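See structure below.
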Amino acid sequence: RCETNYVAIIGSKTVWPGGNSALKDADLIDGLSNTLQLVEVADSGIHWMEPRDLHINQMPLTINAARGQGISSHHHGGAHVASAFGGVHFLSNTTSTDTLRAHLTRSGKEKVSPLP
């Protein structure tokens, strides 16, 4: 079985809101480089062709959480994520819940540091 290691984060305030919504770059008020669209998930259990992703309201808002399926990896200290701009970043296990939530939503206008 070929499992994917990367999935989209879905939910009404994310880059992937669901339904027939088509977002434009201007809809990402927080900025393309500060908004995440894809994340790494270790041992996802999701076949690479299966249309299943992570819902922001059903995942732990931490990196490499002890329980629940969320942003995770087998790398030491963090996991890879991709911004809507296309940049790949490594988020540390110490990334705060507030910072992670700010980067997962597209228009919260939160004041956060740029992705590393």
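Any value given below was found using the heavy atoms of this structure, including those in side chains, with hydrogens, waters and symmetry copies removed. Remember, predicted model here, so these are calculated numbers, not experimental data.
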Practice problem: May I ask you to decide if K24's main-chain N or O and D27's side chain share a donor-acceptor pair within less than 3.5 Å? | Solution: yes
Quiz item: Sub-3.5 Å donor-acceptor pair from the side chain of S72 to the main-chain atoms of A42, do we have one?
Solution: yes
Decide yes or no for [X] and [Y]: does some side-chain heavy atom of the first lie under 4.5 Å from some side-chain heavy atom of the second?
X: L32; Y: D25; answer: yes
X: Q37; Y: I9; answer: no
X: E3; Y: W48; answer: no
X: V15; Y: T35; answer: yes
X: V81; Y: I71; answer: yes
X: L115; Y: L91; answer: yes
X: D30; Y: R106; answer: no
X: S44; Y: Q69; answer: yes

Quiz item: What about L38 and I46, same hydrophobic cluster or not, with Ile/Leu/Val/Met/Phe/Trp/Tyr joined at side-chain heavy-atom distances under 4.5 Å?
Solution: no
Quiz item: How would you list, by chain and number, every residue that makes a side-chain hydrogen bond (donor to acceptor under 3.5 Å, both in side chains) with H89, sequence neighbours excluded?
Solution: none
Self-check item: Qualifying residues under side-chain hydrogen bond (donor to acceptor under 3.5 Å, both in side chains), relative to R101, sequence neighbours excluded
Solution: none
Those residues that, when tested against [X], pass side chain to side chain contact (heavy atoms under 4.5 Å, CB included) (two or more places apart):
X: S33; answer: F85
X: H76; answer: none
X: T99; answer: T95, S96, H103

Self-check item: Audit row: T4, E50, side chain to side chain contact (heavy atoms under 4.5 Å, CB included) steps and yes/no
Solution: CA-CA 9 Å; T4 187; E50 184 179 347; over 6 Å; no
Practice problem: Start with the C-alpha distance between I10 and L54, add both sets of side-chain angles, then the distance that settles side chain to side chain contact (heavy atoms under 4.5 Å, CB included), and finish with yes or no. | Solution: CA-CA 6 Å; I10 60 173; L54 289 178; over 6 Å; no
Practice problem: State the CG-CG distance between L28 and N34, to the nearest 0.5 angstrom. | Solution: 10.5 Å
For residues 56-65, dump all side-chain donor-acceptor pairs below 3.5 Å to protein atoms at least two apart in sequence or in another chain.
from	atom 1	to	atom 2	distance (Å)
N64	OD1	S73	N	2.9
N64	ND2	G78	O	3.4
N64	ND2	N93	OD1	2.8

Quiz prompt | Closest approach of L23 to P17 (non-hydrogen atoms, all atoms of both residues) | solution = CD1-CD, 3.8 Å
Quiz item: What do the steps show when you test T105 against E110 for side chain to side chain contact (heavy atoms under 4.5 Å, CB included), and what is the final call?
Solution: CA-CA 9 Å; T105 57; E110 304 93 344; 3.4 Å; yes
